[in-house]
Peer 1: 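Structure incoming, see below.
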Amino acid sequence: MNLFFFNYSHDLALANGCPNYILPRHVAMLERDLMPLAAFCAKKGDAVVVDKHLTAACRDFYGRMCRGVSFADLSNLHEIKGNLRPWGIDRRLQRVLTKSGFSCDFGSDDVENLYLLSSRLLASGVLALLHKQLPELPLCGRSVACHTEAELRQAVAAHPFTILKAPWSGSGRGLRFASSSIEPPLSGWCRNILQAQGTVMVEPLYNKVTDLAAEFFVEPAGAVRYVGLSVFHTTERCTYLGNVIAPQSVLEQTAFEKIGIRVFREVVNSLGRLLEAAIRKRYTGSLGVDMMICRDKEGLKLHPCVEINMRNTMGILSLSLERLVSRKSTGMLQMRYEHTEQALQGYAASLEPPCLDEEGRLLHGSMPLIPILPNTRYLAWASATPYNWTRPV
């Protein structure tokens, strides 16, 4: 059996490195409320770790959607024997599991390897190799690692607009934007990152059309297996909004209608080989490579490696949700935070009620994906519309 532990705090905990890292309040609430989503990745006989106040509600809520999946909390993990399937491994998770009596199958060396692999320096190196190996494809994307303020200013001045990234940070975090120069307070942020992490990544800001990702799984023997394409939406400031839920054929057709699916497939093949060489049995589990379709004066191009997320991803979760949505519709995985119980309950009530097809799948409307209790502050739901939907490109 597998034990799913979706510790969404992983990025922050890994970057912090301390086993006793205390989560920010909003991150702790997000993790508590959304941990049950792992049930959609689990199979019959698997178990999912949730907050102790959610176990009974999860058994009732997921009884029909996720048959045969059980729920446990930290107090009874010592009774479970199985393969750990976390969102990501870090020293905080290691301490939590050890304290609960669960036998970890990873150690400090594994965490250190993952820390090194999770640097944006890896993504920058892989991006350069993809350009070198696939010069005939319509690719874009550049990333410069700057180690001094002088290098930073030179890299930023080379483009009208740039995005600056800390090598280690949470998903969608550790980012700043610049317009040809570095002025306060940005200059202070850059100095802090250089002092703490030694490097700041500088990338041109592209005219993005579509966010997408290639999802992989790294086998224990070291093979990197392609799992599928995910398409997602973000704000202009790179904040996550949601994932499209649809069959692979629909995602491929809509995302690559104008640029050609061959481009993506050749990139995926090269990525598999490059990731196998880079990882060299230093990591086992899920990973996602974020990409973008961008438009410039020459037309549409694929940015083949924006980020490498060496952990589970919302894209992988969205692939497991396809079975909930009608074959006649496309869906969206969405999330929302509200400050109060009344506001969350009110927003949930405002969603269009679900309408199911003859197979019991969501044809249109919305379906909550987690139980809503009095202290719930994050809502996760799937929405669906028939196939006359607005394409993501």
Side-chain angles (χ1 to χ4, degrees), residues 1-8 10-11 14 37-49 69 80-91 93-94 97 102-123 125-127 129-130 133 171 212-230 243 248 251-252 264-291 304-323:
M1 66 163 287
N2 293 312
L3 176 67
F4 287 84
F5 193 130
F6 274 14
N7 53 317
Y8 299 101
H10 163 70
D11 285 333
L14 184 69
L37 287 172
F40 294 108
C41 298
K43 297 180 180 178
K44 184 178 181 180
D46 291 339
V48 173
V49 180
V69 175
I80 297 177
K81 305 294 181 184
N83 300 314
L84 181 66
R85 294 290 298 275
W87 190 258
I89 64 170
D90 51 68
R91 287 190 171 88
L93 176 65
Q94 186 180 20
L97 291 174
F102 183 82
S103 180
C104 285
D105 57 0
F106 67 92
S108 297
D109 288 345
D110 298 307
V111 176
E112 181 61 25
N113 279 330
L114 180 59
Y115 178 79
L116 297 173
L117 291 171
S118 297
S119 169
R120 288 185 167 110
L121 288 164
L122 174 62
V126 169
L127 174 63
L129 289 172
L130 286 171
Q133 293 184 2
S171 179
L212 52 114
E215 311 293 351
F216 296 89
F217 188 84
V218 185
E219 305 287 354
V224 177
R225 171 171 53 87
Y226 174 63
V227 175
L229 165 69
S230 67
N243 267 85
Q248 286 291 291
L251 294 177
E252 290 179 354
F264 176 70
R265 289 176 178 165
E266 289 196 32
V267 166
V268 166
N269 289 337
S270 290
L271 266 174
R273 294 190 293 269
L274 290 172
L275 290 170
E276 282 188 8
I279 294 171
R280 300 185 189 279
K281 299 184 181 181
R282 296 159 64 192
Y283 173 74
T284 298
S286 299
L287 69 84
V289 180
D290 289 350
M291 305 179 181
C305 187
V306 179
E307 304 270 0
I308 299 177
N309 296 304
M310 206 72 63
R311 52 166 171 74
N312 215 314
T313 68
M314 287 298 174
I316 293 173
L317 174 61
S318 69
L319 296 181
S320 69
L321 295 175
E322 183 190 337
R323 61 187 171 87

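What you are looking at is a predicted structure, and each value in this text was computed from that prediction instead of being measured. For this chain, numbers begin at 1 and follow the sequence in order.
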Peer 1: Please identify each residue that fulfils side-chain hydrogen bond (donor to acceptor under 3.5 Å, both in side chains) with Thr313, with sequence neighbours left out.
Peer 2: Glu215
Peer 1: Evaluate side chain to side chain contact (heavy atoms under 4.5 Å, CB included) for Ile308 paired with Leu275, printing each intermediate quantity in order.
Peer 2: CA-CA 10 Å; Ile308 299 177; Leu275 290 170; 4.1 Å; yes
Peer 1: Which heavy atom of Val289 sits nearest a heavy atom of Pro304, and at what distance?
Peer 2: CG1-O, 3.7 Å
Peer 1: At what distance, to the nearest 0.5 angstrom, does CZ of Arg311 lie from OG of Ser118?
Peer 2: 8.5 Å
Peer 1: Does Leu122 reach the side chain of Met310, with side-chain heavy atoms less than 4.5 Å apart?
Peer 2: yes
Peer 1: Can you label the angle between the Trp87 ring and the Tyr8 ring as parallel, tilted or perpendicular, going by 30° and 60°?
Peer 2: tilted
Peer 1: Between Leu287 and Leu117, is there a side-chain heavy-atom distance shorter than 4.5 Å?
Peer 2: no
Peer 1: Using a 4.5 Å cut-off on heavy atoms from C-beta on, say whether the side chain of Asn243 contacts that of Leu321.
Peer 2: no
Peer 1: Would you mind writing out the side-chain donor-acceptor pairs for residues 38-46 within the sub-3.5 Å range, not counting sequence neighbours?
Peer 2:
residue	atom	partner	partner atom	Å
Asp46	OD1	Asn2	N	2.9
Asp46	OD2	Lys43	N	2.8

Peer 1: Once ring pair (Phe, Tyr, Trp, His ring centres under 6.0 Å) is applied, do any residues pair with Phe102, and if so which ones, sequence neighbours excluded?
Peer 2: none
Peer 1: Taking all heavy atoms of Cys305 and all of Val126, pick out the closest pair and write down the distance.
Peer 2: SG-CG1, 4.1 Å
Peer 1: Do the non-hydrogen side-chain atoms of Leu274 and Leu130 ever get within less than 4.5 Å of each other?
Peer 2: yes
Peer 1: I'd like to check Val48 versus Leu37 (side-chain heavy atoms, cut-off strictly below 4.5 Å). Are they in contact?
Peer 2: no
Peer 1: Atom CZ of Phe216 and atom CG of Asn309: how far apart are they, to the nearest 0.5 Å?
Peer 2: 12.5 Å
Peer 1: State the CD1-SG distance between Ile89 and Cys104, to the nearest 0.5 angstrom.
Peer 2: 9.5 Å
Peer 1: Any donor-acceptor pair under 3.5 Å linking the side chain of Ser320 with the backbone of Leu317?
Peer 2: yes
Peer 1: Any chance you could measure Leu271, atom CG, to Leu127, atom CG, to the nearest 0.5 Å?
Peer 2: 9.5 Å
Peer 1: In residues 219-227, what donor-acceptor pairs under 3.5 Å come from side-chain atoms, sequence neighbours left out?
Peer 2:
residue	atom	partner	partner atom	Å
Glu219	OE2	Arg225	NE	2.9
Glu219	OE2	Arg225	NH2	3.2
Tyr226	OH	Leu229	N	2.9

Peer 1: Testing the basics here: between Val268 and Ala214, what is the closest heavy-atom pair and its distance to 0.1 Å?
Peer 2: CG2-CB, 4.1 Å
Peer 1: Roughly how far, to the nearest 0.5 Å, is OG of Ser318 from CG of Leu251?
Peer 2: 8.0 Å
Peer 1: Just how far is it from atom CG of Asn312 to atom CZ of Arg85, taken to the nearest 0.5 Å?
Peer 2: 7.5 Å
Peer 1: Short question: side chain of Asp110, backbone of Gly107 - any donor-acceptor pair under 3.5 Å?
Peer 2: yes
Peer 1: For the residue pair Gln94 and Ser108, establish whether any side-chain heavy-atom pair is separated by less than 4.5 Å.
Peer 2: yes
Peer 1: Where the side chain of Tyr283 meets the backbone of Ser286, is there a donor-acceptor pair that is under 3.5 Å apart?
Peer 2: yes
Peer 1: Identify, with sequence neighbours excluded, every residue that meets ring pair (Phe, Tyr, Trp, His ring centres under 6.0 Å) alongside Phe264.
Peer 2: Phe256
Peer 1: Which pairs pass salt bridge (charged side-chain N to carboxylate O under 4.0 Å, His left out) with one or both residues in residues 265-274, sequence neighbours excluded?
Peer 2: Glu252-Arg265, Arg262-Glu266
Peer 1: With sequence neighbours excluded, what pairs up with Leu116 under the side-chain contact (heavy atoms from CB on, under 4.5 Å) test?
Peer 2: Glu112, Arg282
Peer 1: If we only count heavy atoms from C-beta on, is the Phe106 to Leu84 side-chain gap below 4.5 Å?
Peer 2: yes
Peer 1: Check side-chain contact (heavy atoms from CB on, under 4.5 Å) between Ala47 and all other residues, then give those that pass, not counting sequence neighbours.
Peer 2: Met1, Leu3, Ser70, Ile80
Peer 1: For Phe5, enumerate each residue passing the ring pair (Phe, Tyr, Trp, His ring centres under 6.0 Å) test, keeping only those at least two apart in sequence or located in another chain.
Peer 2: none
